[in-house]
Amino acid sequence: MSGIGEKIKENKVTYERQFTVPQEWKGQEIYLHFGAVDYRCRVFINDHCVGSHTGGQTPFTFPIARFLNWKTESIRVEVEDPLHDESIPRGKQFWEDESKFIWYTQSTGIWQSVWIEPVSETRVEEIRFTPDIDRGTVKIDFCLSQTSALPCAVEIEIFFEGKNVFAGNIICDGVKNTLTVDVFKKKAMEGGAFHFTGNYWTPENPVLYDAVLQVLSKDTGKLQDRVACYFGMRKVHAEKGKIYLNNQPYYQKLLLDQGYWENCLMTAPSDEAYKQDIIKAKKMGFNGCRKHEKVEDPRFLYWADKLGFLVWEAMASFWVYTEESAQAFTREWMDVINRDYNHPCIIAWEMLNESWGVPRIYDDPQQQAFARSLYYMVKGLDQTRLVVSNDGWEMTESDVCAVHSYKHGEKEDTRQHKVFADSLKSVEQLENIMERSVYAKGVAYQGQPVVLTECGGIALAQDMKDTVYQDAVSDPTQGWGYTTISSQGFLEEYGRLIRSIYDSPLVCGFCYTQLTDVEQEKNGLLNYRHEYKFDPDAIRKINEQK
């Protein structure tokens with residue numbers, strides 16, 4: 001979909017184009033926004049370097065008004081993406097020339113939206129909503145630009161289903177300001193109780209509050225800036241070996257979602273594509289996803305908020321541990337949390353996966369310290385979500401005991417079926433069906449909720465020699481799956497797997513691998529075109545047994 005028509009094999013690419021800025025924007029600052037560029041870039045306006053950025057997953061913005069000529073403008077973006085560098089966060093992008101096993105074709109350069117906008121000198125730079133359903137309040141932290149004319153007035157209105165629930169204003173003498181609003185007004189029906197949902201956000205009842213902030217000149221009352229946004233009243237915590245959503249135990253029925261498409265890799269072909277992925281997942285009886293090795297476009301999170309879909313958000317892994325790679329990963333992960341803090345759909349932050357990038361974490365003090373530092377850093381930045389240090393195995397501190405196992409056995413292997421089912425019933429037996437130890441050396445289970453955060457991966461036998469994706473893989477005759485079954489036998493096999501999980505009194509959720517096929521990986525419930533491979537109602541019937 002890029003129009004280039006070939007796979008880029010160079011480490012450097014350059015984008016160039018011309019554009020014009022509306023004359024009525026003259027006299028204002030102009031912001032140039034990038035959603036994400038993989039991996040390093042420098043940006044030039046009319047041959048002047050306006051800034052640089054490192055990190056392939058996170059957004060950045062440059063002020064460009066002073067570089068404009070207000071005629072025909074030129075923009076050049078120089079990108080460097082080291083295709084074979086294993087020390088940078090690269091996720092599922094393979095460091096070899098052709099995709100293989102569970103790794104995919106590399107992406108390079110601009111892969112999210114680019115846009116410009118005019119902004120006032122006095123404006124809102126950042127807003128953060130922190131809900132507290134127990135008190136019925138939302139804390140609103142907002143930051144004004146350093147160029148703001150102070151003092152100024154900020155008017156705040158909050159609406160629920162079109163009705164005004166709060167209107168007030170605050171005089172701001174500084175750029176950083178905080179306001180706590182009682183949105184439930186201490187009414188029981190607003191907050192919900194055991195027998196009704198109230199105004200809590202859940203996948204079944206994804207209600208949102210709309211908020212509008214207006215910045216006004218204190219002297220003249222003239223409008224300087226207006227921001228419309230939203231938040232959800234929801235609470236997530238772990239207690240007594242279970243995950244709670246809004247103070248009620250909530251079973252996690254997740255899909256592993258790589259976020260790849262056949263013709264455009266990590267970039268969705270349209271906004272509707274994100275929406276349809278969530279609709280299809282919910283139709284199959286799943287209530288969320290574990291985003292895998294990718295920080296997804298905010299438009300996906302928007303639709304997850306609106307449609308009601310839990311998200312366990314994860315960072316793209318690096319592969320070789322060095323002090324420099326650890327620093328780069330940490331910096332980018334902090335930007336991810338800042339970008340996505342307001343999304344009620346996100347209930348867990350996941351940093352590392354299966355010891356990728358920290359291969360000696362089991363007994364290496366430095367790599368263990370790195371995982372611990374990530375955990376405590378996130379807890380210091382966000383107290384409203386669960387934090388998982390190293391999803392899969394060899395965990396250090398973690399709010400969830402998140403384990404991976406594909407050892408459910410082939411259809412005829414009844415002995416392994418029993419081993420799998422029995423091992424899910426106690427933490428001590430989990431290692432019978434895992435590749436590595438549950439915890440790193442010196443770390444012990446502390447009663448956390450146990451979630452099988454990767455399982456299944458069942459491929460169809462006939463898909464293992466499918467040539468549909470031959471342009472995307474080096475050897476299209478070699479598909480990838482953890483076990484195989486015929487299409488006629490899939491629902492029975494899927495049902496057996498899910499019943500084994502549901503029969504466990506220990507496990508409080510699962511994440512099935514995976515939502516879609518990706519290139520040579522043929523274990524999706526949807527194909528690479530994101531079409532159903534099975535009757536979604538039949539999948540839903542199995543999922544709804546618990």
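Aromatic ring centres of F62 and F60: separated by under 6.0 Å. Between Y274 and W261, a ring centre-to-centre spacing shorter than 6.0 Å is recorded. The distance between the ring centers of W480 and W103 does not fall below 6.0 angstrom.
When each of D257, D391, D297 is checked for a salt bridge (charged side-chain N to carboxylate O under 4.0 Å, His left out) with K291, only D257 meets the rule.
For the pair C289 and V311, the minimum side-chain heavy-atom distance is below 4.5 Å. Residues Q366 and Y321 are in side-chain contact: their nearest non-hydrogen atoms beyond the backbone lie under 4.5 Å apart. V154 is not listed as a side-chain neighbour of L216, based on a closest heavy-atom distance of 4.5 Å or more.
By the 30° and 60° cut-offs, the orientation of the rings of Y31 relative to H33 is perpendicular. Under the 30°/60° scheme for interplanar angles, the aromatic rings of F309 and F300 are found to stand perpendicular.
Under the 3.5 Å distance criterion, with hydrogens and angles disregarded, a donor-acceptor pair is assigned to the side chains of S99 and Q520. Side-chain contact of Y341 with T384: a donor-acceptor pair under 3.5 Å is absent, judged by distance alone. If you check the side chains of K441 and Y362, you find no donor sitting under 3.5 Å from an acceptor. The closest side-chain donor-acceptor pair between H530 and Q276, if any, does not fall under 3.5 angstrom. A donor-acceptor pair shorter than 3.5 Å can be found between the side chains of N353 and R290.
Few gaps surround CZ on F19; more than 12 heavy atoms of other groups in view lie less than 6.0 Å from it.
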